[in-house]
Amino acid sequence: MKQFRLIFFLVLASIQTAKAQSLKFATIPAGRYQVGAKRSLINPERKINLPAFEIAVTEVTNSQFAAFVAATGYITDAERKHNALVFEPGLAEFRWLEDSTACWRYPNGISRGGISSKMDHPVTTISFSDAEAYCTWAGCRLPTLDEWEVASRAGANTRYFWGNNREGIRKYANIWYGRDHTTADSTDGYMYTSPAASFKPNGYGLYDMYGNVFEFCEGKTATDKKDSKLVHARGGSWWCSKNSCNYFNSVDIGTQNRHASFSNQGFRVVKAPSPGQER
C-alpha cells in the first residue's frame with residue numbers, strides 16, 4: 001500500500017510539473033506599492049504591502065486550455081449555456097451579438113471560424129468559472145486585483161507603465177484604433193486577438209498586460225457590495241479603443257457576471273499558494 005501511494009504521488013507530481021512547464025513565469029518582488037488613482041471611486045489611490053509572487057508571462061493560450069479540456073473533458077459555460085457574446089464589425093458602440101455556437105473553440109461563433117490556426121492566441125469566450133476550473137487543474141490561481149496591477153505597472157506609479165501618455169500603447173498592445181466599431185480595424189495587424197507576446201513586454205517581462213484580452217482577477221473593489229456575485233477583469237482588450245472602453249491601463253477595473261462569456265475575455269495565472277498562505 002505504501003509503495004502504491006508513493007507511486008501515485010510521484011505520478012501526480014510529474015503531471016503538475018508538466019503543467020507548470022507549459023507556462024513561463026516572472027517573479028514580482030515583495031514590497032510596498034502604490035495602486036489606484038486619486039479620482040477613481042472603484043480603485044482609489046492607496047499603498048499596499050505585497051509578498052513576492054510569480055505571474056505568467058503571457059495569457060493562457062488556446063493550446064494550453066485545449067490540454068486542460070483534453071485531460072479533463074471539461075465543458076465551458078458557453079458550451080452549456082449557449083449564451084456567449086461575440087463581435088463583428090458594423091455593430092454600434094458597446095453592442096455585442098449573442099451567438100449560441102460561440103465557445104472557446106469558435107470565439108466569435110462557428111460562422112466566423114475556429115482556432116485551428118490560432119493555438120498560440122489567448123483563449124477567449126470563457127467565463128470566470130471556467131478560468132477557475134483551469135487553475136484547479138493546473139495547480140495555479142488567478143491574480144488578485146492588486147497583484148495584477150502591481151505586475152502591470154512594472155515599478156511605475158503612472159497610469160501606464162511607460163508614463164501618462166496614452167500614445168505609447170502602440171508598441172505594447174493590441175487594441176482597436178478605429179473611431180468606432182462600425183468599420184473593421186486592423187491598424188496594428190490584428191482585428192481580433194493577436195498571438196501571445198506579439199508586442200513588446202513591460203519592465204517585468206510581461207506581455208499583453210494591456211489589450212489583447214481582458215484578464216480575470218480575484219477580489220473585490222471599493223464599490224462592491226459584500227454579497228456581490230460580480231467578478232472583475234483588467235487590462236482592456238483588442239476591442240477597446242480610446243473612444244470606447246479605454247481600459248488598457250493599470251487603473252481601470254471591469255466588472256461582469258462570473259458565468260458570462262465574451263470573445264474579448266481571457267486570463268493569465270499566478271503560481272499557488274493563495275494570498276495569505278506561507279510562501
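Since we're looking at a predicted model, the values are computed, not measured. Counting from 1, the numbers follow the sequence of the chain as shown.
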Mind listing the closest non-hydrogen atom pair of [X] and [Y] along with its distance?
| X | Y | value |
| --- | --- | --- |
| Ala151 | Asn202 | O-ND2, 3.0 Å |
| Met119 | Ser116 | CG-O, 3.9 Å |
| Phe214 | Cys240 | CE1-SG, 3.8 Å |
| Pro89 | Thr183 | CB-C, 4.1 Å |
| Phe25 | Glu54 | CD2-O, 3.7 Å |
| Gly109 | Thr101 | CA-OG1, 3.4 Å |

Basic-acidic side-chain contact under 4.0 Å: [X], [Y]:
| X | Y | value |
| --- | --- | --- |
| Glu132 | Arg258 | yes |
| Asp252 | Arg159 | yes |
| Glu147 | Arg141 | yes |
| Asp208 | Arg268 | no |

Distance alone, cut at 3.5 Å: any donor-acceptor contact between the side chains of [X] and [Y]?
| X | Y | result |
| --- | --- | --- |
| Ser100 | His82 | no |
| Thr144 | Glu218 | no |
| Ser241 | Asn243 | no |
| Thr76 | Glu79 | yes |
| Asp77 | Ser261 | no |
| Asn212 | Tyr190 | no |
| Asp224 | His232 | yes |
| Ser263 | Asn108 | yes |

With rounding to the nearest 0.5 angstrom, report the [atom1] to [atom2] distance, [X] to [Y].
| X | Y | atom1 | atom2 | result |
| --- | --- | --- | --- | --- |
| Lys47 | Gln34 | NZ | CD | 5.0 Å |
| Ser127 | Trp104 | OG | CH2 | 14.0 Å |
| Glu93 | Arg179 | CD | CZ | 9.5 Å |
| Ser194 | Asp188 | OG | CG | 7.0 Å |
| Thr221 | Ile253 | OG1 | CD1 | 6.0 Å |
| Glu88 | Leu97 | CD | CG | 5.0 Å |

Could you check whether any side-chain heavy atom of [X] comes within less than 4.5 Å of a side-chain heavy atom of [Y], counting everything from C-beta outward?
| X | Y | answer |
| --- | --- | --- |
| Trp148 | Val150 | no |
| Ile169 | Ile175 | yes |
| Val213 | Asn264 | no |
| Tyr204 | Pro29 | yes |
| Glu149 | Asn43 | yes |
| Val251 | Arg153 | yes |
| Phe216 | Gln265 | yes |
| Phe248 | Trp238 | no |

Problem set entry | Test ring pair (Phe, Tyr, Trp, His ring centres under 6.0 Å) applied to Tyr247 and Trp239, step by step | CA-CA 10 Å; Tyr247 273 31; Trp239 186 92; over 10 Å; no

Just wondering, are more than 12 heavy atoms of other shown residues or ligands nearer than 6.0 Å to [atom1] in [X]?
| X | atom1 | value |
| --- | --- | --- |
| Lys81 | NZ | yes |
| Ile75 | CD1 | no |
| Phe68 | CZ | yes |
| Arg80 | CZ | yes |
| Arg95 | CZ | no |

Any side-chain to backbone donor/acceptor pair from [X] onto [Y]? Under 3.5 Å, distance only.
| X | Y | result |
| --- | --- | --- |
| Arg105 | Gly114 | no |
| Ser198 | Pro195 | yes |
| Thr61 | Gln64 | yes |
| Asn164 | Thr158 | no |

Within the 6.0 Å centroid threshold, strictly below: [X] and [Y]:
| X | Y | answer |
| --- | --- | --- |
| Phe161 | Tyr210 | yes |
| Tyr172 | Phe199 | no |
| Trp137 | Phe65 | no |
| Phe87 | His181 | yes |

Would you say [Y] ends up clustered with [X] if hydrophobic residues are merged whenever their side chains have heavy atoms under 4.5 Å apart, either directly or through other cluster members?
| X | Y | answer |
| --- | --- | --- |
| Phe262 | Met191 | yes |
| Tyr106 | Val86 | no |
| Met209 | Leu145 | no |
| Val35 | Val270 | yes |

Exercise. Do the numbers put Arg170 on top of the ring of Tyr177, so that NZ or CZ is under 6.0 Å from the six-membered ring centre and no more than 45° off the axis?
Worked result: yes

